[in-house]
Structure formats: C-alpha cells, structure tokens
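See structure below.
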Amino acid sequence: MNNRLRVLSALLCLVFLLTALSGCMQVTFEDSASGAPAVLPRPTRAAANAPVGDSFARYRLRTTIYYYNAEGSLTSTLRLIDVGQGQDRFVRIVEALLEAPYLSSSLSPIAPEGTRLIGVESSGGVVTVDLGAELLAAGEEAVWKARAAIARTFLEQGGVTAVNMLIEGQAVEAAGLPLGALTKQDGAVSAGYDQLLAERRRSEESSDESARLNRVAVVYVPEDGLLLPEAAELHALAADLPEALLSAFLTANGLPDAGSFSLEITPAGRRVARVRFPGDFPMDPSIAAALVFTMARFLPAVGGVAIDLGGEPLPAVGPAPCGEDQAFAPGDLTQLLGSEARLYFPRADGTLAETRRALPGFGLTGRALLAQLLEGPDATQELEPVFPEGARESDLLGVRVEEGIAHVNLSASLYGACQSFDAARERAFAYAIINTLVANLDSVTQVQFYISGDFADTLAGRISILAPLMADPGLVR
Amino acid sequence: MAFTIVDLSLMQLIGEYLLGQKVREEERLTDDIATRVATTYAGHDAEALYGLARALAAENDGRVLVTDMWGVVQSDSDGRLNGTSLALREIADVLSQGGSSYGYYNVESGGGWFALSLGNSSVTGVHVSAIQSGREQIGALAFVSNAQELYGSLSHIQRQIFTWLVLVAIAVLLASLFLSRAFTKPIGELNQGILRMTKGDLHTRVRVKGNNEFAQLGRAFNQMSAQLEQLNTTRNAFVSDASHELKTPLRTVKILVQTLLYQDPMDPDMARELLGDIDREVDRMNLLVSDLLSLVRINSGAMKLNLAEVPMADLVGDTVRRLRPMAEGRQISLRCDLWDEVTVVGDSTKLQQVVYNLVDNAVKYTPAGGAVRVELSRSGKKAVVTVTDNGIGIPQKDVPHVFERFYRVDKARSRETGGTGLGLAIVKEMVQLHDGSITFTSEENVGTVFTLELPISGPQEKGGAAQ
C-alpha cells in the first residue's frame, strides 16, 4: 500500500509539474528589438550647396486669387505666381490681383488698369495694402469691390487674420462711413454694399442700438520701440466711431481712457484728427506714433493726427516734428512700423516657448531671425538661450530659402560647441531654429542644416540633419 | 504530458488567432492613416500634420509617427521623437520595399531605447505603412499600439486554461485511481486467494460480483479450489484407506511372525501353516499395492492405452475359460453366450482385466450351486457385455458405493477371497478410459447383473490417455 501511495504521489507531482510548466510558459511576443538596429536608407545627392550669406531663391507660389466674373461675383482661380529673389509674396499677390487674369477673358482685375500698388505691410496676421489714388477715381463701388477681393484673397492665405486697405496711405470710406479692416469676406460683395447703404440710412435716421455699426480697426501697439498692428472690434454709432477707436487704442495699450477726439479742417484744407489728453497722461513718442497710425488708418481722409497733452500740442514724435497744423502724418513715421517675429526659445525642461518680438520693417530674413535667436530671450522671461555660450553671428555662415526649404549653414566651431548638448538641449536647439524660420519666412516649411558647408549626420548624436526637417509644433508648450 | 501538449496547443492556436486578428486590424488601420496624412505631409504643413497625427492617435488609442524616406521622424503625435532616426526593422523594410510591415516590442526588456513605449504599456505593436503621393512613396507612417491588452488577455486565458487543466487533471487522476482500484481489487483478492491456497488453505474462495471477466476468473478459481479441495479430501481418504488396508495384512503378518518367533516349541506343521498364511498376506499386499499403483496411474493420466482392434468374442471367451476351473471348484455353473462377433478399438489387456474382474466377482459372490452367465452382443455402435449371477446380491444401501475404492459390501468374504476392495474402482476407471460405461442392477439374495458397454470405435483421442 505504501508503494502504491508513493507511486500515486509521484504521478500526481509529475502531472502538476508538467501542467505547471505549460502554464508558466508566458505568452511571448517575438521581441523585434533583439539584434542590431535596422539600417535605414541614406539620401544620395550631389555635393552640398550650402549657402554663404543670405539669399532667397525665386520660387513659384501656388495660391488662390479672387477676381470678378461677368456677373460681378468673386471667383477663385488658382494661380502660379513667380516670386523673385527678395520679393515679398504678398506684394506679388497684390500685383497679380491688379493684373488682368490671363486664364479667362470673363474675369476682370479688381482695380482699374493702372492702379498702383504703393505698398503691402504684413505683421502679426494683419495685412495692410496701400493702393494708388487711381482706384478712388473709379468710384466708391470700385473701392468697395477692390477691398472685398483683396480681403478674400489674403484671408485665405495662412496666418492672415485681418486685411486693411488704404489709398495713398489713407483710410477708405464708402457711403460716407469708415470701412476699417476686414476679418472675413464670405458673402456676396453686392449684398455687402447694399448692407453698407442700409447702415448709412440707419445711422442718419436713428441713434438707437440698431444704428450702431460694427467695424474692425487696426490699432497699433508699441513694442520695443516699433509699432505692431492689432485688430480691434468697434461697435458704435457712426458719429461715435472715432471715440470708440480712441478707446480701443487706449485699451489695447493699457492706457487710461482719458482722451477726447475732434476732427478739424486746417486752413490748408487738410482734415486733421485732434486728440486731447490731460497733462498727466503717460504719453511717450512711441505711443504718440501708434496713435497717429491708428487714427489715420481708420478715419477716412485724415491727413494727419494732432496730439495735445495738457492743452499743449506735441511738437514731435520721435525724430519726426509735427507739421504746420501741429499734425503728424503716418508717412513721416513709417520707419517706426515693424513686424512681429515669432521666436522660439527653450525652457529648462527642453520644451519651446513662443515669444513675439518686434522687428523693424517687413519681410523678415532668415539671418535676422537667427540673429534674434542669437540675442537670446528677454531677461524678464524664464527662458534659456538657443545658442551655446560664445556663439556669434559669424557662426551663421549663411541662410538661403529655396523651394520651401531654408538652408542654414553653421560654422564648425558652433557645431563643436553643440556636441556637449544632451538630448533635450540638442532637440531644443534644432527646433528653436526650425520653428522660428518656418513660422516667419514665407513659403518655408523645412530647414536643412549644413556644417561648414557640408552635410552632417546629426547635430549632437541624436537629431538627424542629413535631410530637411519640418517644424515640431508638439515641442511648443 | 497530454495536458501539457493540450495546454501548449491551445495557447498556440488562441495566441495565433488573436494576434493574427490584431495584426490584420492594425494593418488596415495603419494603411488608412497613411492615406489620410499623405496630402498634409506632402504639403509639409507641420502644424496641420501634427494636429492630424494627434487626432488620429487619440481616435485609435495609439501613437502616430510620420517619417521621411530616410526614417527620420518628421511628426510625432507624442511630440518626443521629431528629428530622430527611427531605426526599426519595420521602417527599413517599408522604406526599401514599400507596402507594410509590423513588429512587437517588449519595452521593458530593453526595446525602449528608442522611447517607443505607449503609456504604461510594456508590450507595444508597431505597424508601418508607406505614405504615397500619387505613385511616389514620400515617407512611412508608423502606428504604435498597445499590445499589453492582448498580452494580458492571452496571459489571462492561459491562466484560465492552466487552472482548468489542473482541475481536470486532478479529476482524471482521481477517476483513474478509482477505476484502477476497481480493476486491481479483484486481482488482488485473487492473488490473496492463490497465496492462501499455496500455503495449504484449500477452503479458500474469492468473492465474486457481477459477470465480467474478473467475475468469471473468480468463479473459475473457486471451482478449481473446490476441485482441489475435493481431490485433497479424496487423496487423504485414499491414503487413509490405503494405509488402513495395508495395516491389516501387516498386522496379521506381525502376529504370525511373532507366533513363529516366540512360540516354543513350534509344531512344524503349525509353522508351515503359519508361513503359508504369511505368504498369502504378502501376496494380498502385493496385489493391493499393484492395484493402487494402477489407480494412481489411471488418475494421473500416466496410464497409456495400447489401442488395437480387439475381437471381443475371443476376449470374453478366453476370460471365461480361465475362470471356469475356479467356478467348477466352487460348484458354480459358468456359461458364455457370444451372440455377436464384435470388434472394438481398445487396450486388449485392460479390457481383459475388466471382464476378468466382473466374472471373478460374480463367481466369488455366488454360493455353491449357483450360476454365472456371460453374454456378448452388439447394440448399435456399442459392444455390450453382461455378467449375470444369482448370487448374494448387493444391498440397497451399498449400491452407491460399489465403485468406490476399498469399498466392500461383504468385508469378510472379500478378505477371504483375497480381494483388495479396488477391483470395481479399477474396472470403472478402465471402462471410462475407453469412453465406455459400466452399470449394474442387483437384488439382495437374488442376484446381480453387471452391464459393460464399450464404443466400437474406441476412445476419443485425449491428451496422453491413448496411443
């Protein structure tokens, strides 16, 4: 009996052992990570053609342009526009709008033939198009239609949020009402004009809520001594629009709402907007300049803006003295206009923070943007510098924009300094540059790095720079 | 072993099915995502591509990475791997050959060096499809999924199967123990019975239940045991009787010898008479031993028949002729009627002894003036010999025992005539060896008729019984 029990116990143990072994065999996935890393293909190409100095290669811009068809409705057409070296794409777009569309004889340009393009400003999503007086001569309706076509075309461009049209640097009006900027243009143009006429009638006949007008004004805000445009909504009776504009300007600039407005006709016959402030108003030249642009570019036919501070007219705004009528003209202060660059600086955790900085003029260049990154973040911001210590502008050997790629040539010494980067620092360095260039340079979608004129595998061992890299929005927090 | 094989096979089948399903689903999903990002990626709109990747990743509970034609990540829904070379076999395969590929990674085992983990999942699947712009491949799309759930499901199923198999194994084991006991118990009992029997306990029997083979074996064993017991009893009785039979003449011899030795003086005539008695006793013992040996040889199967064709008329006639002087000496009429010429196949010597014993008994147990008649006839396929006397007959109470060994109806007469009490027992055994039969009818003080029937064709061949 004992033998039998021993045999049975042994059998039972064997059954358990075998079953347990099979039960303990874990489900396994064939781990693809075993073995050496896979070999990826490498780009095969001719010798590097790294940039030296700055250049912006000509390219063909594929974009939608709106023209008027025979029925008077806006019709979109796809156009390929040559943008030459150093040319601004927005300028080329307006030029295309003013040209006769070659695709179809049923489409007509948006302005009378011979209408000049005086200038295009693009900053912070606000595009300001200044056309010649030829458009005025074509009549109010022509002005209205041109404005609609320009707005429709630009609002479909990436990054444009408001479009303001000027004629000879002055704001336009229709039906005696200021038009301001457009932030959307999706209705029928003729219907919009009819609505404008109805607005005028209401404003003349009534002063209640129904007569209030909705307008978008471009207010200018000083930033680092330069003026940057912003769109501001106004909702007021026609007669109160100037006051509403002033109030919006003061609000946008964080100033006390302590001004008053009046419109004057000077002996020379120039319409001047006069704004009066109390003596203790915190006025400075940049605010004054911003006010000039704000008022002059909304109120129709205003040739200048006079500013009184405690009853005394400001004699000068920066280097620009006032005119005989104590007014300042925007044309005298255009050097103060700037465009906003979106710059990316790293945080301590390796993510990127977007900061905006005003830069003079329009049409930022790659070098200018990289120079801003080289300058580093503002001291008030808790951000890290992009470039390693000791980097100079001479380390930026060249930047060229060609066919949507910004080619950036860095020096060998800068490359050497990057070798001490850890993974987060390396990633932040690469994408601060890439994100900055992509965000600010027209048509640029990728960045190709060169080191002393040649290709390199990686920046500091992890980020591949063999081929162009796209921006990384995910790194921006 | 069987359970292990079943467990492994089941796990293999289930794992392959579930894994295969997941692979196919995610392959389709990856192809679909690759199609959906193609246009955005071709336009190099990083913002839109990132937004799309995040939306698709959230929609499908995974992670989406877009690489260029050199395996460098251009968009990562997790925002961690942009600019990194994704040196995976699957990426390399798709970039070099197009189509799609997949693989699974156990991040905890070191596969996470490229930070491809997905949340807390340690087992991740990577499916890669080509991104096409028209007919041109422009990159690769990697969809990273959480395989932990699948892994967990398989492990859960495996545990379930394991648990059930263990329970079933225990149940089967218990059942087999129970069944084996049902088989081994009767064998054990039989074995015990055999062991008891070998130790001499011929009374032993085994319990028998049912009608299966074990029950049949048990019954056969019990039958054998009963026969052995019977044989043992018979043997003991036989030895006892034999001893007793031998003891009587030996005692007589002893007395005669002692008389010869101690009686002094001994009359020479007396001495001669005593020696004659001793001589007769010795002859009786000789005859007894001879008869015993005959019986033993018959019972053990050692007695061989020398079969030949035996003319029964000659045999019966010769036997009667040999006994006629004794019959005449007793004043008994001995008649022989041979009605048929019949020849049987048999042992002539043994048959002669049978007929001789029957006629001898008839003569011995018929008083003077009586008659004994011997007849031979044929009845069908048998030869029939009848021996009829008008002697003292056999009492009814002795009829069942007439053929028993050492049984004497008239012990005094038997001793007087020199009988051993084995004659009819030997006759019966010899007749049975020839497949014949011996019967008798008797009436006390009237007479007895012994009828011997022998098959003409002789005995059927039995192992060792006939030559």
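Just so we're on the same page: letters track the sequence lines, and every chain starts at 1. Below, all heavy atoms of this structure are taken into account, side chains as well, without hydrogens, waters or symmetry copies. Just so it is clear, the model here is predicted, and its values are computed rather than measured.
Contact of B/T84 with chain A is made through backbone and side chain together, with heavy-atom distances under 4.5 Å. There is no contact between A/A430 and chain B, counting heavy-atom distances below 4.5 Å. Of the two parts of A/R427, only the side chain, counted from C-beta on, holds a non-hydrogen atom closer than 4.5 Å to a non-hydrogen atom of chain B. Interface remark: B/T67 contributes no atoms to any contact with chain A (heavy atom separation under 4.5 Å).
Here the side chains of B/D68 and A/M470 are not in contact, with every heavy-atom distance at 4.5 Å or above. Side-chain atoms of A/L469 and B/V72, non-hydrogen and from C-beta on, do get closer than 4.5 Å to each other.
Within residues 47-55 of chain B, the residues that have a heavy atom under 4.5 Å from a heavy atom of chain A are B/E47, B/L49, B/Y50, listed by number. The interface of residues 33-45 of chain B with chain A, defined by heavy-atom distances below 4.5 Å, comprises B/Y41, B/G43, B/H44, B/D45.
A donor-acceptor pair under 3.5 Å is absent between the side-chain atoms of B/R80 and the main chain of A/G474, judged by distance alone.
More than 12 heavy-atom neighbours from other residues, nucleotides or ligands sit within 6.0 angstrom of CD on A/E156. Taking a 6.0 Å sphere around CZ of B/R207, one finds it holds 12 or fewer heavy atoms contributed by other residues, nucleotides or ligands.
Between A/P41 and B/W70 the shortest heavy-atom distance is O-CD1, 3.3 Å. Heavy-atom minimum distance, B/S85 versus A/S464: OG-CB, 3.8 Å. In this structure, A/A471 and B/A46 approach most closely via the heavy-atom pair O-CB, 3.4 Å.
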